[in-house]
Structures are given as C-alpha cells and as structure tokens.
Student: 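Structure below; questions to follow.
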Amino acid sequence: MSRPKISIIGAGNVGATTAHWCAAAELGDIVLLDIPQVGDMPKGKALDLMQASPIMGFDSRIIGTNDYADTAGSSVVVITAGIARKPGMSRDDLLGTNAKIVGSVAEQIKATSPEAVLIVVSNPLDAMVQRVQKVSGFPHKRVIGQAGVLDTARYRTFLAMELGVSVEDITALLMGGHGDTMVPMPSCTSVGGIPVTRLIDPKRLEEIVDRTRKGGAEIVGLLKTGSAYYAPAAATTQMVEAIIKDKKRLIPVAAWCDKEYGVGGYYVGVPAILGAGGVERIIELDLEPQERADFKKSIDAVKELVAAMDGLAL
Ligand code: NAI
Ligand code: 2OP
C-alpha cells in the first residue's frame, strides 16, 4: 500500500512550513510545487527537508518541482501560491493578483488530481476559496478554506496567556470571514470546561477578541517582509491530518454555506466535521442575538469581497 500524496502549491513560507510539519507527522509523501522567479527553489527546499528525516526520524518522500505532472493523483492539495501581505496592506489588497494565481492553479489540479480534497490558504481567503471551487468545478465539500483553525488558535493563545493556563485547556470557536469582522463565540469558549465569561470580565475579553481580529496584522507589523507562517502552517497541517486520517475533526473551516445559517451560497467560516470526504457536515448552531448580528456583518463583508472579485477581468 503506498502512502497518500499531499501536494503543496506555493513553496514559500506557509507552503514549505506546511510540508515540514506534514512530513514530520508522517501524513504522506509530499510534492512541493512552485514557479519561482529564479532557480530551483522547491527542489532545494524539498531536498533540505528530506535530509532532516534521518535526524528527526520520519519516513516521507518529499520532492520539489515546477511540473504539475508530479502532483498527479494527490489525495490532498494545499494551495498557498500567491503574494503575501506587507505592512500597510490588507488581505483584500491581494485580491486581483491572487485570484489569477489560484485560478491557474485550480485549472492544473483539476486536470491532474480530479479526486483530491483542496485546502485553500491564499488570501483574501474567503474569495480565493470561492474562485478555486468555481474554476475546478469540484464538489463544494472537497474545496475548503483554512482560516478558522488559525484564528481560533490565536484566540486560544491569548486567552491562555491572560489566564496563565495551558493552551490545551482552552476550547474556543470563531466564525465568519478571515478578516476584521471575524466573530468570536463566547458561548462556545471554555477553560477546563468553565465558561470563559466566568473567568474574564467582558471588557478584557473584548480586548482579547480585538487582538485576535488583528492577529495577522500584528505579525506583519513585526516581520515587515511578509506575514505569519508557523501558526498558519500548523493550522493547515491539522486540516490535512483530519482528511488523510478521516478523523472527523469538528473544527472551524471556510465551508460552502447555502441554506446553512441562511448564507446563500458563499464560503464562510463555520464549525464543520472534516474527514476523508472533505467537509462532511456543517454544524448549525442556534446563535445568540449579538453573535447572529456579528455573523451577518461578517457574511456581508465576504459578499462584498466576492462581488469585487467578480468585477475583475480574470
Ligand atoms: P510567500 O511569498 O512566502 O510564498 C508564496 C509562494 O507562492 C512564492 O514562493 C511564490 O513563488 C509562489 N507562487 C506565486 N505564484 C505561483 C504560481 N502561479 N504557482 C505556484 N507558485 C506560485 O507567501 P506565504 O507567506 O507563504 O503566504 C502565501 C499566501 O497565504 C499569501 O496569500 C498569504 O496572504 C496567505 N496566508 C493565508 C493565511 C490564512 O490563514 N488563510 C495565513 C497566512 C498566509
Ligand atoms: C494571517 O492571518 C496573513 O491571513 C494571514 O496571518
């Protein structure tokens, strides 16, 4: 029995780090594809990673390439190709450039890995995942966006720092788009089973939520030359693992919602069961009034973004 093939398109910071963690967790064999401006960067990174395997003790074959033929028959394809934010840029500033890039990636993957589950990471996320589904024509449940696992991880980190407890004891949920309108769900956030609202006062909790919303920009401001990649890659690896191992993880992902939450046919962050088939079920919660209002605002922002993309000549 051969190992599953995981292809990662875009061998930059997020792509290469995802390859690192997928290989270290022995999730499968990895193909790292990039179309670099100069040199054979994906081949170099793949070889370097392979040479870490005897030390770290993992058996994964990792190849670097610029040829989609090498990705053929992938079980999972992660799309990180595109440009990343620089200081002063919002995720939405990447719209036109990245829509063209992910569209061309989707065309190629459609031809080479028609049965794959696609995980889109490129920004602006909620529009890019929509574009990849449209161009690939894959069933909606096999095209998913990564944002919620990362945003929730940031929230969990800040809560753990505030309370001085283990990150492992914090369970939380954020919904909506991957942007400033993301929606925290205090009713679904607990610390060792204790509702967070019993441990942190509302004003402080709102400050933590605000830092979470701006979590990506905070890292961009510190790095100056690009955006976050360790936590985004870890979040993506968790999704790859859920699919490859058919784990039925209940995690927040950007999933296609039509009747669900009354969204009306857009990708938006919701809690979902992730397994071998991709998004196997969306969990519909009875939202509290404030959560419902915030979620609607977030969906409206996603709709605006998609409308802006639809207005471009792609
Ligand atoms: P990066 O600049 O380090 O890497 C991007 C790579 O894409 C480059 O190596 C580039 O050569 C490659 N690329 C460009 N056009 C390509 C094409 N047509 N085919 C194949 N490869 C191509 O950027 P980084 O930091 O890895 O971020 C990648 C994307 O992920 C950005 O759009 C960023 O905003 C997004 N992102 C999304 C997150 C999320 O939570 N959804 C979190 C972090 C980043
Ligand atoms: C982040 O949230 C840039 O979307 C990326 O770090």
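Every heavy atom of this structure was used, including side-chain atoms; hydrogens, water molecules and symmetry mates were not. Ligands are counted one by one from 1 in listed order, and the atoms in each one are counted from 1 as well.
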Student: So which bit of Asn123 gets within less than 4.0 Å of ligand 2, heavy atoms only: side chain, backbone, both or neither?
Tutor: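 Side chain only.
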Student: Any nitrogen or oxygen of His178, main chain or side chain, under 3.5 Å from a nitrogen or oxygen of ligand 2?
Tutor: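 Among all N and O atoms of His178, at least one is under 3.5 Å from an N or O of ligand 2.
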Student: Is it the side chain, the backbone, both or neither of Ile83 that has a heavy atom closer than 4.0 Å to ligand 1?
Tutor: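 It is the backbone that touches ligand 1; the side chain stays farther off.
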Student: With a cut-off of 4.0 Å, which atoms of ligand 1 are near a heavy atom of Val14?
Tutor: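 Taking each heavy atom of Val14 in turn, ligand 1 has 24 (P), 25 (O), 26 (O), 27 (O), 43 (C), 44 (C) under 4.0 Å.
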Student: Could you check whether any heavy atom of Ala228 sits closer than 4.0 Å to an atom of ligand 1, since that is the contact criterion I want to use?
Tutor: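 A heavy atom of Ala228 does come that close to ligand 1.
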Student: For ligand 1 and Ile9, I'd like to know whether there is a polar contact (N/O to N/O, distance under 3.5 Å).
Tutor: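 Min N/O separation from ligand 1 is not below 3.5 Å for Ile9.
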Student: Under 4.0 Å, heavy-atom basis, I'd like to know which part of Pro232 is in contact with ligand 1: side chain, backbone, both or neither.
Tutor: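 Pro232 to ligand 1: side-chain contact only, backbone stays beyond 4.0 Å.
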Student: What atoms of ligand 2 come closer than 4.0 angstrom to any heavy atom of Gly216?
Tutor: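 Atoms satisfying the 4.0 Å criterion: 1 (C), 2 (O), 6 (O).
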Student: Below 4.0 angstrom from a heavy atom of Ala228, which ligand 2 atoms are there? Numbered from 1 as shown, please.
Tutor: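 Near Ala228, the atoms of ligand 2 are 6 (O).
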Student: To which protein heavy atom is atom 6 (O) of ligand 2 closest, and what is the distance rounded to 0.1 Å?
Tutor: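 Sorting protein heavy atoms by distance from atom 6 (O) of ligand 2 puts Arg154 NH2, 2.8 Å first.
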Student: Are any of the heavy atoms in Gln37 under 4.0 Å away from ligand 1?
Tutor: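 Contact absent.
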Student: Parallel, tilted or perpendicular: which fits the ring planes of Trp256 and His140, with parallel below 30° and perpendicular above 60°?
Tutor: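 Trp256 and His140: parallel rings.
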